Amino acid sequence: MTTDVTRITAEAEKLDRSKMRKIATASVIGTTVEWYDLFLFGTASALVFNKIFFPDLDGAIGTILAFMTFASAYVARMVGAIIFGHFGDRVGRKSMLLISLIGMGVATFGIGLIPDFNTIGVAAPLLLLTLRLCQGLALGGEWGGAVLMTVEHAPADRRGFFGSMVQIGVPIGTLLANVAFLIVASTLDEASLLSWGWRVPFLLSAVLVAVGIYIRLHIEETPSFKKVQQTGAKAKIPFAVLMKKYWRQVVLGGIATLSTGSTFTLLVASGVNYGTKELGHSKTLLLWAVMFACIVAFFAIPFFGRLSDKVGRKPIIFAGVIAEALLAFPLFWMMDTGSPALLFLGYGLMMLAFSANYGPIATFLAELFGSKVRYSGLSIAYMLSGLLGSAATPAITVALLAATGQSSSIAWYVMGAAVASLLALLLLTETRYGNIHEVEDAPSDSVEVSK
């Protein structure tokens with residue numbers, strides 16, 4: 001009898017492990033597609049869009065406008081978080097993931113087909129802005145759903161690890177985006193790159209989208225949402241419930257996540273622009289530095305996610321934010337030397353700090369909210385951080401450089417974002433031990449009052 005029980009338990013655990021691998025794979029591939037599309041736009045904004053869609057403007061102004069178009073998606077992401085969050089809490093996680101992935105794929109493919117400014121005039125940047133907004137709407141719903149598919153399926157003692165698996169879609173997607181641009185930039189002359197070469201990486205996204213859709217069709221709904229369905233406990237208007245019971249978690253969670261967006265965007269967009277325009281580095285060198293940093297993050301993010309299962313979410317996130325602040329000035333000191341080796345070292349160290357911050361943050365945000373409004377709460381809090389940090393970072397850094405001519409102004413900006421995140425994080429309690437499958441919304445007790 002004991003042998004039979006042991007055998008059945010082992011088979012169940014094997015089945016659970018197999019199911020979690022499948023779910024994690026589906027989430028990683030989906031978020032990889034989404035972030036590939038998003039950061040492909042960021043790379044293109046830094047390298048070519050100012051010449052293609054804003055050619056009659058001064059170089060700095062054209063770059064700022066290109067980055068503002070980049071930032072427009074972050075406004076759309078907030079709208080997407082509210083819309084997809086509503087239906088994700090009402091209809092389910094899986095269906096929203098499929099819709100958001102298809103939406104992102106169509107928008108990105110469409111960007112690759114837009115004629116340039118010299119062909120259709122002002123309609124070109126307007127089309128670019130429209131499709132960028134569509135990207136933002138889709139991503140606003142995708143990330144939260146992908147996180148919940150893993151976190152709500154995961155064993156309680158491994159939620160941090162599986163939540164961090166969704167996060168590695170960011171460095172993988174960024175790595176693929178930069179590889180794609182590195183190939184076209186290194187094999188084509190300037191005229192060919194600006195004429196048609198830049199379009200290839202956007203059009204290739206269709207392949208990734210097809211793979212993502214196929215895999216996501218074969219995963220099941222999460223236990224938490226199934227329990228909400230079974231008990232008939234769905235919120236009629238999830239956003240209203242969220243703002244009534246969890247508004248402090250939304251605001252503080254968004255600010256606590258602020259530094260992740262500003263740091264990462266600094267490395268993959270603003271840093272590329274600064275290195276090429278101000279320091280005279282080649283585009284290829286900066287793309288290699290970004291790819292190196294993404295490889296560091298690929299290994300570091302799940303490591304810190306797993307570590308958060310052992311010591312808690314807040315200590316790891318807190319350490320990452322402090323490291324980001326401490327490395328702000330050294331990063332630019334190393335870049336300003338002109339040494340490729342120090343450039344790579346600076347990028348690698350800052351990405352390591354980012355990984356400690358970013359690895360556990362998805363699970364931490366998910367655990368702040370009750371199951372009836374978790375899709376809405378998680379998505380809106382995270383997209384708020386993007387709106388406050390990632391959206392403005394490229395344009396602000398270009399403006400700071402134009403006004404001061406000093407890289408130290410950007411370092412102070414990064415430190416300011418880190419301080420804001422630390423203050424918000426201090427006001428949020430540890431979430432590691434909560435029961436995320438509890439249907440009844442918890443009271444607003446995830447915020448401590450400072451003593």
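Quick caveat: nothing in here was measured; it's all calculated off a predicted structure.
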With distance as the sole test, does [X] use its side chain to make a donor-acceptor pair with the main-chain N or O of [Y] at under 3.5 Å?
X      : Y      : answer
Lys372 : Val228 : no
Lys234 : Phe225 : no
Ser100 : Leu97  : yes
Arg77  : Leu137 : no
Ser192 : Leu188 : no
Ser164 : Gln167 : no
Glu430 : Gly312 : no

ring-ring contact (aromatic ring centres under 6.0 Å, His included) contacts touching residues 140-176 (sequence neighbours left out):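 Qualifying pairs, neighbours excluded: Trp143-Tyr382.
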Would you call [X] and [Y] a side-chain contact if the rule is heavy atoms closer than 4.5 Å?
X      : Y      : value
Ile301 : Pro171 : yes
Ile168 : Met165 : yes
Phe332 : Ile410 : yes
Phe298 : Leu175 : no
Val166 : Val28  : no
Ile380 : Phe239 : yes
Val209 : Phe109 : no

Which atoms form the tightest heavy-atom contact between [X] and [Y], and what is the distance?
X      : Y      : answer
Leu378 : Ala366 : CD1-N, 3.7 Å
Ser421 : Val321 : CB-CG1, 4.2 Å
Ala124 : Ile114 : O-CG2, 3.9 Å
Ala297 : Met351 : CB-CG, 3.6 Å
Leu352 : Ala300 : CD1-CB, 3.8 Å
Thr150 : Met20  : O-CE, 3.8 Å

For Ile120, I'd like to know if atom CD1 has over 12 heavy atoms of other residues, nucleotides or ligands within 6.0 Å.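 For Ile120, atom CD1 is crowded (more than 12 foreign heavy atoms under 6.0 Å).
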Run the side-chain contact (heavy atoms from CB on, under 4.5 Å) check on Glu142 and Met104 step by step: do they pass? CA-CA 9 Å; Glu142 196 282 338; Met104 176 66 88; over 6 Å; no
For Leu148 and Tyr375, what are the C-alpha separation, side-chain angles and deciding distance, and is it a side-chain contact (heavy atoms from CB on, under 4.5 Å)? CA-CA 7 Å; Leu148 294 189; Tyr375 201 130; 3.8 Å; yes
Looking at [atom1] of [X] and [atom2] of [Y], how far apart are the two atoms once the value is rounded to the nearest 0.5 Å?
X      : Y      : atom1 : atom2 : value
Leu203 : Trp198 : CG    : CH2   : 8.5 Å
Leu101 : Ile99  : CG    : CD1   : 11.0 Å
Ile213 : Ile102 : CD1   : CD1   : 4.0 Å
Ser224 : Arg93  : OG    : CZ    : 7.0 Å
Leu326 : Leu331 : CG    : CG    : 13.0 Å
Thr429 : Gln249 : OG1   : CD    : 8.0 Å

Residue pair Phe318, Leu426: steps toward the side-chain contact (heavy atoms from CB on, under 4.5 Å) verdict: CA-CA 9 Å; Phe318 204 87; Leu426 285 171; 3.6 Å; yes
Side-chain donor-acceptor pair under 3.5 Å between [X] and [Y], yes or no?
X      : Y      : value
Asn357 : Thr263 : no
Asp89  : Ser376 : yes
Thr108 : Gln135 : yes

Thr119: what forms a side chain to side chain donor-acceptor pair (under 3.5 Å) with it, not counting sequence neighbours?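 Per chain and number, Thr119 pairs via side chain to side chain donor-acceptor pair (under 3.5 Å) with Asp116.
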Checking Ser282 now: which residues fulfil side chain to side chain donor-acceptor pair (under 3.5 Å) with it, not counting sequence neighbours?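 Ser282: no side chain to side chain donor-acceptor pair (under 3.5 Å) contacts found.
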If the condition is ring-ring contact (aromatic ring centres under 6.0 Å, His included), which residues does Phe344 pass it with, not counting sequence neighbours?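 ring-ring contact (aromatic ring centres under 6.0 Å, His included) check on Phe344 returns Phe292.
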Tell me, please, which residues at least two apart from Leu176 pass side-chain contact (heavy atoms from CB on, under 4.5 Å).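 Checked Leu176 against side-chain contact (heavy atoms from CB on, under 4.5 Å); matches are Thr32, Tyr36, Ile172, Leu208.
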Any pair with a residue in residues 154-173 that passes salt bridge (Lys or Arg N to Asp or Glu O under 4.0 Å), sequence neighbours left out, goes on the list, sorted by first then second residue, please.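 Salt bridge (Lys or Arg N to Asp or Glu O under 4.0 Å) check on residues 154-173 returns Arg159-Glu367.
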For the side-chain hydrogen bond (donor to acceptor under 3.5 Å, both in side chains) test, which of Arg374, Lys227, Lys226 pairs with Glu152?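 Result: among Arg374, Lys227, Lys226, Arg374 is the only option passing the side-chain hydrogen bond (donor to acceptor under 3.5 Å, both in side chains) with Glu152.
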Please work out whether the ring planes of Tyr358 and Phe354 are parallel, tilted or perpendicular, with thresholds of 30° and 60°.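 Because their plane-to-plane angle is under 30°, the rings of Tyr358 and Phe354 count as parallel.
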Apply side-chain contact (heavy atoms from CB on, under 4.5 Å) to residues Tyr347 and Met335 and explain how you reach the verdict. CA-CA 9 Å; Tyr347 261 60; Met335 290 183 70; 4.1 Å; yes
